[in-house]
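All values below come from the heavy atoms of this structure, side chains included, with hydrogens, waters and symmetry mates left out. Just follow the structure's listing: the first ligand is 1, and inside any ligand the first atom is 1.
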Amino acid sequence: MIETGRLSVINPPREAPQFTPELLERLARRVSLWGERARQTLYSPFDGSVLGAIPICSPEDVQQAVRLARTAQAAWAKVDPKTRARIMLRFHDLLLERQEEILDLTQYETGKARRDAQEELLDSAIVAQFYATRSPGWLRPRRTGGTFVGLTQTWEYRHPVGVVGVISPWNYPLVMAVSEPIPALMAGNAVVLKPDPQTTFTALWIQALMEETGLPAELFQIVTGGAEVGAALVASADFIALTGSTPTGRKVARQAGERLIGVSLELGGKNPMLVLEDANLEAAVDGAIHGAFANAGQLCVSLERIYVHEKVFEAFTRRLVEKTLNLRLGATLDHRSQMGSLTVQRQFDTVLAHVQDAVAKGARVLAGGRPRPDLGPLFFEPTILTGVTPEMRVYSEETFGPVVSLYKFSDLEQVLTLINHSEYGLNASVWTKDLRKGREVAARIQAGTVNINESYAAAWASMDAPMGGFKASGLGRRHGREGLYRFTEVQTIAIERLVPVTGPTWLPRGWYGRIVTAALRVFKWLTRLWYRV
Ligand code: NAD
């Protein structure tokens, strides 16, 4: 029996932030709207205090923002990608320079710990550097094979799609205002971003910084509001990049399907961690804590179910509980706190409901399990459950909070079946000292990213490799070439040379057919030799 102890609390909770009400008011005035609009007051999850107020756009504002963005995009498409890159690299430098201000603001909006806000900031700088330096090469027209050797000269051109609508959630507001807009802008598009209302100020701060670095003002617009405003954006943009829940993904895909516009959907997950018998247990425990409790579990790739081999289950569980109970919780603007608050009431309610439902149906709480109103209205303890069964909500539904379930396994085949028996397939984590086996097992897990001996950051930070979901976890990919190419229309341009591809007009069709048939037979052998198949 493992005792549940008290998590440490940090006192005094926080210091004065490096932003002022005047700054927030200046940011609020940057929202794209035409006329007076009602304002929505935003509260800090740290303590429920008023943060500021933002005007909420009407659907007409969204149409107008898209129209303006479209005009600005026509000029931007003609700008050399290397010039675009220089703007993004300046953005990279300014972002790092002004980090204290934006870290404070992001923390106040989300309630997250400093370390989680810092993770966002560093990731955003990496994205800026990555797409600024890679896109010019990737966007250059590319020679392709064409038809029979020498018969055509063929190129692939990449054109911008036009106006990209970005719709994002509240959990990583800094990353969301950067990691979709930057590749879209680098590809020559305009962007209209609709952040979640709770985290509008962070998005506006990023937009202001981009303008300061030389990005034309109307090229990157921000519209505010909830589902209705999001739907208006899907109704008028040329491409939609949504990050959000799977039910919202389905609605957006339906609406985009009607308009035949492209979408990329980064959706939910119920991400597994698999601890094999030969894993380095201490590292696996640290990985589990980071994977399950980073950003208070409000992370699409966070680990919500952990399968541990029976031979190491006891030892793993004991260390995991010990270390979890030693986590420091609190609302601080420095690095003392290891886990912050949940961000929105809706998420807090879901977390509480999942834990209560599991406990009512017989699950055991090994650590945490309780709200912490003494720390702030939306604080919830990092929670470890065992004895979780399929009739409990937490078994298969995404919790999106600091709650992880432990399962013991003995047979690898059976556990892989259990892991893959999920509607989701976003991220997974495998722990073993045998790296070859780790890769074999990883390749059998139905997930867009699998980390070996790491929880999520190894794959996420591999910027050159695509990131996204199998099954109901999404469509399309961010990061890598695919993260850029989704924002382009690809065009093939082919020049005919020497003789007509469809045969000279003087050649009887029967002869043409016989000549091409013979050529195809030779060609097949040549290509087989060349490609070794
Ligand atoms: P949500 O789906 O409720 O909202 C996401 C965004 O979509 C918000 O801006 C919201 O206003 C907007 N929206 C809602 N309904 C809409 C509609 N009908 N049309 C257009 N826009 C609409 O998600 P949430 O609860 O804010 O965020 C949490 C979810 O996001 C979780 O499921 C999490 O897994 C997912 N997420 C996924 C990733 C990823 O990369 N896969 C990253 C972060 C979060």
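Side-chain contact, T243 with R478: a donor N or O sits under 3.5 Å from an acceptor N or O. Remark: the N451 side chain and the S429 side chain contain no N/O donor-acceptor pair separated by less than 3.5 Å. S236 and Q63 are not linked by any side-chain donor-acceptor pair at a separation below 3.5 angstrom, with hydrogens and angles left out of the test.
Of the listed options V344, T243, T350, N171, T243 places a heavy atom closest to atom 5 (C) of ligand 1.
Among all non-hydrogen protein atoms, the one lying nearest atom 23 (O) of ligand 1 is S245 N, 3.4 Å. Regarding atom 10 (C) of ligand 1, its nearest protein heavy-atom neighbour is K194 NZ, 3.9 Å. The protein heavy atom nearest to atom 38 (C) of ligand 1 is C300 CB, 2.9 Å. Nearest non-hydrogen protein atom to atom 24 (P) of ligand 1 is W170 NE1, 3.8 Å. Atom 17 (C) of ligand 1 has as its closest protein heavy atom A227 O, 3.9 Å.
Without hydrogens or angle criteria, E101 side chain to F19 main chain gives no donor-acceptor distance under 3.5 Å. A donor-acceptor contact shorter than 3.5 Å links the side chain of R84 to the backbone of M186.
Not a single heavy atom of Q255 sits under 4.0 Å from any atom of ligand 1. Ligand 1 lies less than 4.0 angstrom from a heavy atom belonging to R478. Ligand 1 is never approached by G474 to a heavy-atom distance shorter than 4.0 Å.
Proximity to V252 (heavy-atom distance under 4.0 Å) selects the following atoms of ligand 1: 19 (N), 20 (C). Short contacts between ligand 1 and L242, defined as distances under 4.0 Å to a heavy atom of the residue, involve ligand atoms 7 (O).
Between F130 and H479, the distance separating the two ring centers is not shorter than 6.0 angstrom. Under the 6.0 Å cut-off for aromatic ring centres, F400 and W170 qualify, their centroids lying closer than that.
At least one N/O-N/O distance between L267 and ligand 1 falls below 3.5 Å. Between S473 and ligand 1, a contact under 3.5 Å exists for no N or O pair.
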